[in-house]
Structures are given as C-alpha cells and as structure tokens.
Amino acid sequence: VKLGLLPGGGGCVRLARVVGLQDAVQLIVTGETLSATAARRICLVNALCAETQWLPATQLPSWLPHLADLFAKGVFPCGGNARQPLVVKMKRPLRLSGRSWVAQAAIYTLMRRGIDAQVRGRLPAPYMCLRTVFDCWNAASLDEAFALESQRYAELAMSSAAKSCMHLFLSSRAAAKRTQQFGRDGGDSTAAGKSSQDMSVARATVIICGAGYMGGGIAQAVLHRGLPVVLVDASAEALAAARKRIERLFGYLVSRRKMSSAQVTQLMQEKLVCQTALAPLPSSADNLLLLECITENPAAKGQLLAQFEALCATRTPAPPTHAVFASNTSSIPLDQILEAASAANTTSTGSGAPSSSLRAPERLVGLHFFHPERNVTPCVEVIPSSVSSPTAVHAAGELAHMLGKTAVLVGKATPGFLLNRIMSAWYGEAGQLVLEGAATVRRVDAAMEAFGFPVGPFAMLDTIGLRTALLVAQQLSVLPVVGTCKATALLMQYLVEQGCVGRADGNGRGFYEWKGNKRGNVNPLVVSAIQVVRAREEHASDIASGDKAVGRGPRVHPLSDQQVKDALLFALLNESLRVLDEGVALDPADIDVLMVMASGFPPYHGGPLLHAHARGLATVLGEMEALHREVPHALLAPAAWFRTHNAAKTPLYADRPQPAQPTTFDPRAMPRLPPFFLDPLSVILGSAVVLGLWWGVSTLVTRLVG
C-alpha cells in the first residue's frame, strides 16, 4: 500500500482467512509490520524459533519435521487444508473475525473513518485495499476472489499515484547506494587507500555532544539499536532532562510491546553514560563516532572538533583506530567549521600554524537529522566537506542505515545544503505574498494543505520554532536569490521581539495561537508585524530614492487560490533546479526523496521535480512566466536551468516516461457501508435485531417505572 498498490499475490484473499478480518484489514490498509511475537499472537505464523543461525539437519527443533510433514499432507495447523478455504481460528475473543455482518460493518466503518482522516481521499490504494479485502471475503469462491484481486491490482498499478510512489521507492534505494559508493569511483582525491571496511559503526561507541531536543532523541535511537552511547553536556540539569526523555521514548516502545521494561533497564544501565565534559574518551573503544548537536555556531562547533582531535591524539593507552566527527549542522558549510577548528587549535597551541594545524581534517562529515523521534522523518543529509574521507562518509551513511533512515548524499556543502535551501524559497515566497497583500497567512497555508502538504509554510515554521528558523535564515542570507527574499525573516524577527517564538519553544504563539497540538486562530500580532515590516521596508526604499512617502499599502492585488498554490510550487521548483544546476544535488531524485520524506510534499505527486516532469516542463515554464509577469518576485523568475536546457526536449528523468497527470481519488464513489450490508436479507435481519433491542429496552424501562 505504501507503493500505491495492494497485495496482488493472493494476500487480500488468504490473509483474512488466516488471522481474521479485523487484523487483515489493519495490516493491508496501513502497511504496518509485525514482530515475530505479534505475528504468532494473531496466528499469522505457526511457531517461533529462537535460533539465529541455520542448523544442520541433526539439530533441527523437534517440532519442525512434524510441521513439514503436516504441510506435505496439505494440512494447515491454523485449520483447513490446501483444497478448502482456510477456516478462521481466533484465539482472542475481543478481536472481530468478520464472520457476522455486524462485525463486518463495524470493521469497515471504523477503518473507513481512519483512512478518511489520514488520506483525505487523495491516495486511492488504501480505499482500494479496504474494498478489495471485503469483496474477496464475501466472494462466492476462491477463484472469483483471486480474479477480483488481480483486476484491482492492475487498476492500481497503472495509476499515477502508484507510479509516483514507486519512483520514490527506487529513488530512496539509489540515494543510499550513492552514499555507500562515495570515493570508490575515483572522483574523490582522498579516496586513495581507503575502504568502507576501515570502520564498523556496529562496533563503535557513539559520543553525542549536546543533550537538548535533538541530542536526546538521537541518543535514544542509537541506544535502541544496541550501541553504547556517551551523552555529553556541560549542564547536569540538561543531562537529567535528557535521561528522562530517553526513558519516556522507551516507555512508548514498551507500551506498544516493541520492548520489555527489563530490556530498557538493561540498556540504560549498560549502554548509556552521561558526562558533563568530553574528557575522558572511552579508553576501550577502537572506533569512535562523535555526533555534535550543540548550538548552530561555527566557532563553537570548530572548538569542539579541535578538542576532540586533541583528546584522540592523547588518549591512553593508545589513540582510537578510527575516529569520525559528525556535525548535525542544518545550514553551516563544513569548511567554516574547519576554519574555526584550525583557529581554536592554533590558539590553544600558541603557534602561528595555518589551517593545516588540524591533524586529521578528513574525519569531519556532516550528518543532518531533521527530526529524531520515532523516525518521523526517515531520511538524513550526509554532507562531505572538501577534504572528507570516504571512511567518514561511509560511517555516517552506515549509522543512518542502522537507525532506519535513508542517507541522501549532498554534492556541495553550501549554506542550507539541500532541504533547508529549497524550503527557504517556499517560506520566502509565502512571506512575500503575505507582506504585499496578495494573500493572508491562513489562505497560504490552506492552499498548500489543499495540494496535499500536512501543514502550510507558516504552521511549519511555528512547529520548527521561529528562533531556529531565524538562525537558518541568517546562514542563507548569502545566497544569490533566496538570500534577497527576506520578507519571512523580517516577519519572524518582529514576532520573536514580541515574545512569539512558535509552537516548538513552548509558549504556543507564533504565526498562529496554539493550544497543545491544536492550531487556533492567526496570531493578532501578525497584522502588526506586516504593517511594521512593510513600513520599514518602504521607508528604507524611500530614503534610498529620496522620496519621503511612507506606508503606501499593498503592492500586489490579491491572488486566487490557484495562483497562490502555483507561486509556492514554482518557488520550490526554481530553487530545486538551482541546486541541481550548481551540483549541490547529485541527482534530481535526491531532491524528490528529501522533499517527500522530510518536508511533507505529497508522495502521490512524487516530489517537486517529478510533479513538474509529469505536467511537462514546457507547460510549467509557460505558466511560470505568465505568473512572474503578474507577480514580479525574484523567486518566481524561471531558473537558469530552463535557459541552459531545452525544456521541451530535455526531461528531468530521461529513463522514466511521463506519468499521467495525478488525479484525486473520490472516496464518494465507495459506499459508506460494505455492499453486503445493503442486501435484502441483511437489511431484514438488521431491522429485526434493532426492533428487538428497542422492544426489550422499552419493556424494561416500563417495568422499572411502573
């Protein structure tokens, strides 16, 4: 279902007959996975084997030959045989097997409501899965059910949503391979004599500097994979808070039966060490991977890198065999961190050595996490510096893989890297539209949510935190196009000055007023921010031109919802093409993967570049030029890529045909109740049950009153 398909090999037919209708619908519609224990609990597997390696035939468990004999005879332990439909054998009476029409109606209605709440009618696969499982369950024969499943599978496989989801699946695999192949093709001068086998992260000790929100979340994820973690922070209070947060995150896994309390206690006692200083380094670890999550300041990060290098060189009884310094910076170019580290190293030694004073600058690599908790964003950016070694890059990619994340390799360590730079164009255009009166904050967010984003740009900024977003905006101010569009940064600066720092920092006020996770009305101070920022900008322009008129009001007439949506999507597309043209992105698919996994771009559109590819680049260019004539914003001017490439003849994806234009699936075409529920016999029986219950309740009430 995550590929926009349904189980086409008989899964919609067989699974419900083995585990019951409720569990089958839950697994197929949501695409969730089960542990072996959970699968045994619902009778999806017959038995569990504790061995982790294949054993010779003489050492096989006693039950395995017996089970093989049963299967050879066509007898299934869960009931039925190979020549008859499998009989549902439910061991949990609280689960609905679907053998009665009342149970089927309850399962269908509840699951349909859940799909509507999450998918909102845009992705056809969950609806088709639900409908197919029920139709196959009530089919007259297995042959009819298999034929129906095959027909529905073919319909989904040809849909544009499925093609977009499959594009993302293949692209994420290709992105991970690029990280693994870094330095092996001779394209990197530091690759000589290096191998990805030089350092094994699985046998490394991970040092995490910074026990804040990001550091604590990453520490819990690394601990969950069984690696030893040293959590470092100068504040003992921050360490105590991080430890409580790690326990809370593990408590969530315990409540979901992913772990036991005993396993959590063992991990916390044996694998986690908290220190208020980086020294001393673990003396017994041959492989060290330091991941810094401190404040977004190149001087502080450089000083930490110089300290780590000095401690590695002087560790007793011997320096570590391999040591990697991974920076979780979101926007700082790594060369700035190297310069700051060299300056800190020169100051500490008192010598006048140049930047080469660092003994091993090649150990630095960028590893940008977006959200650490519960794999909300299943991807990271791996950013090599100009001197990063393949060992450092491979170690970062291996850690990301162990944490269940797709590692996307960045071509150049420019400010903002890939995702933040592209998203800054989205935020910048949204702020420009609001500042000039072309749209309101609510309309901008509504246009993006109607397109398929979970939230719009202003709600997302509130979630990130306005202080954090301002720090990133300052790093991006040096870029030629994005750096000149400062409307959103100015609005955020005014709100921060008024004490509105967003939802993430806890006061519940940013562009919106938040009550917990619920978004309320637009903050009244946004109107004041627009007026103040507009007056300041016009005043600065008047001083430069010698004009003394101030406060001329909006400079762009209000745009339609379609124009607002196009403006924001075109800003995303233009910046995506710029980073592709500059070599910051190594492949167009990397941009699509990051945008879908980390920013919430709707997966059924495949990402901004595949979406433009599907519509046709020549068509997109014509619409962009027409909108730019009406709204002359720098972010809407067609990128240079359109001039250097023939949009009509140079597709972004030469190896993939253009899919059909994505269409919105209309859930109203599906019945609100399963088809069997409307059969005459079911209606008669249902009416009789309802009347009987009504008569019984009314009789009881009459007797009690009398």
Side-chain angles (χ1 to χ4, degrees), residues 117-118 120 213-214 330 370-371 373 376-377 419-420 422-474 476 485-536 554 556 558-561 563-565 567-569 571-572 595 598-602 635:
Q118 293 192 8
R120 292 181 289 181
Y213 175 79
M214 186 66 69
S330 59
F370 301 103
H371 194 292
E373 288 188 8
V376 174
T377 51
L419 183 72
N420 280 343
I422 295 172
M423 293 298 290
S424 66
W426 196 51
Y427 301 135
E429 182 60 28
Q432 197 70 23
L433 292 175
V434 168
L435 189 61
E436 295 184 353
T440 62
V441 168
R442 181 76 73 177
R443 281 189 60 217
V444 168
D445 281 356
M448 287 292 94
E449 290 166 9
F451 179 72
F453 278 88
V455 293
F458 294 108
M460 190 173 292
L461 286 171
D462 279 353
T463 303
I464 295 170
L466 301 190
R467 287 199 186 102
T468 303
L470 267 177
L471 290 175
V472 175
Q474 291 171 3
L476 297 176
C485 301
K486 301 180 180 180
T488 306
L490 294 173
L491 292 174
M492 289 192 297
Q493 184 176 356
Y494 178 86
L495 291 175
V496 170
E497 291 172 355
Q498 302 302 314
C500 303
V501 295
R503 167 189 170 193
D505 292 332
N507 68 351
R509 300 189 74 193
F511 286 98
Y512 291 94
E513 294 179 332
W514 296 83
K515 294 181 180 179
N517 293 330
K518 187 176 180 180
R519 179 172 56 184
N521 297 324
V522 176
N523 188 350
L525 287 176
V526 171
V527 177
S528 303
I530 294 172
Q531 295 173 347
V532 170
V533 172
R534 185 185 297 161
R536 289 175 181 174
V556 175
L559 301 179
S560 66
D561 292 342
Q563 288 176 314
V564 171
K565 183 195 76 172
L568 294 170
L569 292 180
L572 278 178
M595 286 298 300
S599 75
F601 197 96
L635 292 171

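Along the sequence shown, residues carry numbers from 1. Please read all numbers here as calculations on a predicted model, not as lab measurements.
The distance from atom CE of Met214 to atom OG1 of Thr468, rounded to the nearest 0.5 Å, is 9.0 Å. Note: His371 NE2 to Thr463 OG1 = 9.0 Å, rounded to the nearest 0.5 Å. How far OG of Ser424 is from CD of Glu429: 12.0 Å, rounded to the nearest 0.5 Å. Between Leu568 atom CG and Met448 atom CE the span is 4.5 Å, to the nearest 0.5 Å.
Scored by the side-chain contact (heavy atoms from CB on, under 4.5 Å) test, Ala459 finds Asp445, Val455, Tyr512, Trp514, Arg519 as partners (sequence neighbours excluded). With sequence neighbours excluded, the residues satisfying side-chain contact (heavy atoms from CB on, under 4.5 Å) with Gln531 are Val527. The side-chain contact (heavy atoms from CB on, under 4.5 Å) search around Cys500 returns Leu495, Arg509, Asn523, Leu525, not counting sequence neighbours. Applying the side chain to side chain donor-acceptor pair (under 3.5 Å) criterion to Thr377, with sequence neighbours excluded, gives no partner residue. For Arg442, the salt bridge (charged side-chain N to carboxylate O under 4.0 Å, His left out) test picks out no residue, with sequence neighbours left out. Residues satisfying the side-chain contact (heavy atoms from CB on, under 4.5 Å) criterion with Ala473, sequence neighbours excluded, are Ala489.
Smallest separation of non-hydrogen atoms from Glu513 and Pro524: OE2-CD, 3.4 Å. The two residues Val444 and Pro457 make their nearest non-hydrogen contact at CG1-CG, 3.7 Å. Here the closest heavy-atom approach between residue Ser330 and residue Asn420 is recorded as O-ND2, 2.8 Å. Listed here is the closest heavy atom pair of Cys485 and Leu635: SG-CG, 3.5 Å. For the pair Tyr494 and Ser528, the tightest heavy-atom approach, listed with the atom from each and the gap, is OH-CB, 3.8 Å. Listed here is the closest heavy atom pair of Ala469 and Met492: CB-SD, 3.7 Å.
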ask   = Would Met595 and Ile422 count as a side chain to side chain contact (heavy atoms under 4.5 Å, CB included) if you check the C-alpha gap in whole Å, the side-chain angles of each, and the deciding distance to 0.1 Å?
value = CA-CA 9 Å; Met595 286 298 300; Ile422 295 172; 3.9 Å; yes

message = For Leu490 and Gln493: C-alpha separation, side-chain torsions, deciding distance, then whether side chain to side chain contact (heavy atoms under 4.5 Å, CB included) applies.
response = CA-CA 5 Å; Leu490 294 173; Gln493 184 176 356; 4.1 Å; yes

request  = Quick one: do Ile464 and Tyr427 satisfy side chain to side chain contact (heavy atoms under 4.5 Å, CB included)? Show the steps, please.
outcome  = CA-CA 12 Å; Ile464 295 170; Tyr427 301 135; 3.5 Å; yes

request  = Please report the C-alpha distance between Leu461 and Thr488 in whole Å, then the side-chain angles of each, then the deciding distance to 0.1 Å, and finally whether the side chain to side chain contact (heavy atoms under 4.5 Å, CB included) criterion is met.
outcome  = CA-CA 10 Å; Leu461 286 171; Thr488 306; 3.7 Å; yes

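Looking at Val434 and Phe458, their side chains come closer than 4.5 Å, going by heavy atoms from C-beta outward. Between Phe511 and Leu466, the closest side-chain pair of non-hydrogen atoms falls below 4.5 Å. Considering only heavy atoms from C-beta on, Val496 comes within 4.5 Å of Leu470 through its side chain.
For Trp426 and Phe453, the ring centers are positioned less than 6.0 Å apart.
The environment of CD in Gln118 is sparse: at most 12 heavy-atom neighbours from other residues, nucleotides or ligands sit within 6.0 Å.
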